[in-house]
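Whatever order the structure lists ligands and atoms in, that order sets their numbers, starting from 1.
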Amino acid sequence: MATVLVTGVNRGIGLEFCRQYAEAGWKVLACCRRPAQASDLEGLAIHYPAISIHQLELGNFGQIDALAHALASEAIDVLINNAGVYGDGARNVPGDIDYELWTQVMRINALAPVKMTEAFLPHIARGGRKLVVAITSLMGSMGDNSSGGAIMYRSSKAALNAAMKSLSIDLGSRGIGVLILHPGWVKTDMGGTNAPTSPAESVAGLRRVIDGFSPRDSGHFLDFRGRELPW
Ligand code: NDP
């Protein structure tokens, strides 16, 4: 049985990753920061016993190390760094930038996925597929930025992309691949109700890209349909 670890799974795209991987027969290590309040996830884990729920606040790097230690016997085929935060749009504009909040957004969106990869390297190295996935955003693309704004979110995803690109090179010699994936504009709390893509459609596409991974894809910035995106 293949194993996937996913972060940020109590709602949105992360919850759908759990549903689809469990349905496909995978073992799912489902990480969320408030399991006691994750009723949808709890319901899913009752339906699919292959889902185990693990408490993880990604801003606390000590917790990341502790979880990696607690799961030391697991081989992880695919690590999906999904959790993310947008930051406060209203305080993202010149004259009213909240630097404390920006630091938090950078920590969750850019630093934590690197820390997760570092902490879980031994588990990934033992896995069959040896793949790290970063769920990023087209908003992290400088080539695509024609509307400005969202400084915190854009810069954090651009930093994530740069870090993951380096990891794809650094880990390539160990046979570990890295995919940098944009899920589309998705109907979730973050994406809002006008988004054209359902979580089910986005995750089905992302899973197809992940399943079809070959080493030459490592370090590439792709969308959920497998199309190459501009940095
Ligand atoms: P949601 O806002 O619906 O879900 C975000 C998830 O991240 C929640 O489970 C949330 O948990 C978790 N999370 C946030 N902060 C932390 C933290 N400090 N520790 C642990 N978990 C945390 O977003 P989506 O499902 O839409 O987004 C998933 C990913 O896709 C994100 O990385 C996002 O940037 C990216 N993305 C989304 C797009 C969209 O249109 N929806 C477009 C492009 C990219 P909690 O409930 O506890 O806050």
Side-chain angles (χ1 to χ4, degrees), residues 5-20 28-42 44 51 53-64 66-67 79-89 92 100-116 119 132-141 144-145 147 150 152-161 163-164 179-203 205-207 209-210 221-225 227 229:
L5 185 152
V6 192
T7 62
V9 295
N10 54 306
R11 56 190 168 104
I13 293 169
L15 183 66
E16 186 60 25
F17 264 126
C18 290
R19 187 191 324 277
Q20 291 196 20
V28 181
L29 306 173
C31 300
C32 75
R33 59 176 157 171
R34 286 184 282 258
Q37 290 160 38
S39 50
D40 291 343
L41 177 62
E42 204 183 331
L44 208 58
I51 298 178
I53 302 174
H54 305 274
Q55 196 271 326
L56 184 60
E57 162 56 63
L58 284 163
N60 182 338
F61 288 6
Q63 275 191 18
I64 294 178
L67 183 64
L79 164 67
I80 302 182
N81 292 292
N82 164 75
V85 286
Y86 189 77
D88 181 353
N92 248 307
E100 217 30 68
L101 181 60
W102 190 358
T103 305
Q104 280 306 314
V105 172
M106 292 299 285
R107 187 171 179 85
I108 302 308
N109 289 0
L111 277 62
V114 175
K115 176 63 193 174
M116 282 294 294
V132 176
V133 175
I135 302 299
T136 183
S137 171
L138 185 58
M139 288 184 74
S141 164
D144 185 69
N145 185 356
S147 57
M152 299 177 195
Y153 188 68
R154 286 189 188 281
S155 62
S156 68
K157 292 296 192 180
L160 172 66
N161 292 356
M164 288 292 160
L179 274 176
I180 303 160
L181 300 181
H182 167 60
W185 182 19
V186 187
K187 219 175 258 138
T188 62
D189 291 348
M190 187 185 291
T193 50
N194 289 332
T197 312
S198 67
E201 186 187 354
S202 169
V203 169
L206 292 166
R207 286 183 51 235
V209 176
I210 292 168
F221 181 18
L222 308 172
D223 75 1
F224 72 113
R225 295 197 170 96
R227 291 179 302 209
L229 297 173

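For Asn60, the side chain to side chain donor-acceptor pair (under 3.5 Å) test picks out no residue, with sequence neighbours left out. The ring pair (Phe, Tyr, Trp, His ring centres under 6.0 Å) check on Tyr86 picks up Tyr153, with sequence neighbours excluded. Every residue meeting the side chain to side chain donor-acceptor pair (under 3.5 Å) condition with Glu57, not counting sequence neighbours, appears here in chain and number order: Arg33.
Listed here is the closest heavy atom pair of Ala200 and Gln20: O-NE2, 3.0 Å. The two residues Pro113 and Ile108 have their closest heavy-atom pair at CD-O, 3.4 Å. Shortest non-hydrogen contact noted between Cys32 and Ile53 is SG-CG2, 4.4 Å.
Sorted by chain then number, the residues whose non-hydrogen atoms approach ligand 1 to under 4.0 Å are Gly8, Val9, Asn10, Arg11, Gly12, Ile13, Arg33, Arg34, Leu56, Glu57, Leu58, Asn82, Ala83, Gly84, Val85, Ile108, Ile135, Thr136, Ser137, Tyr153, Lys157, His182, Pro183, Gly184, Trp185, Val186, Thr188, Asp189, Met190, Gly191.
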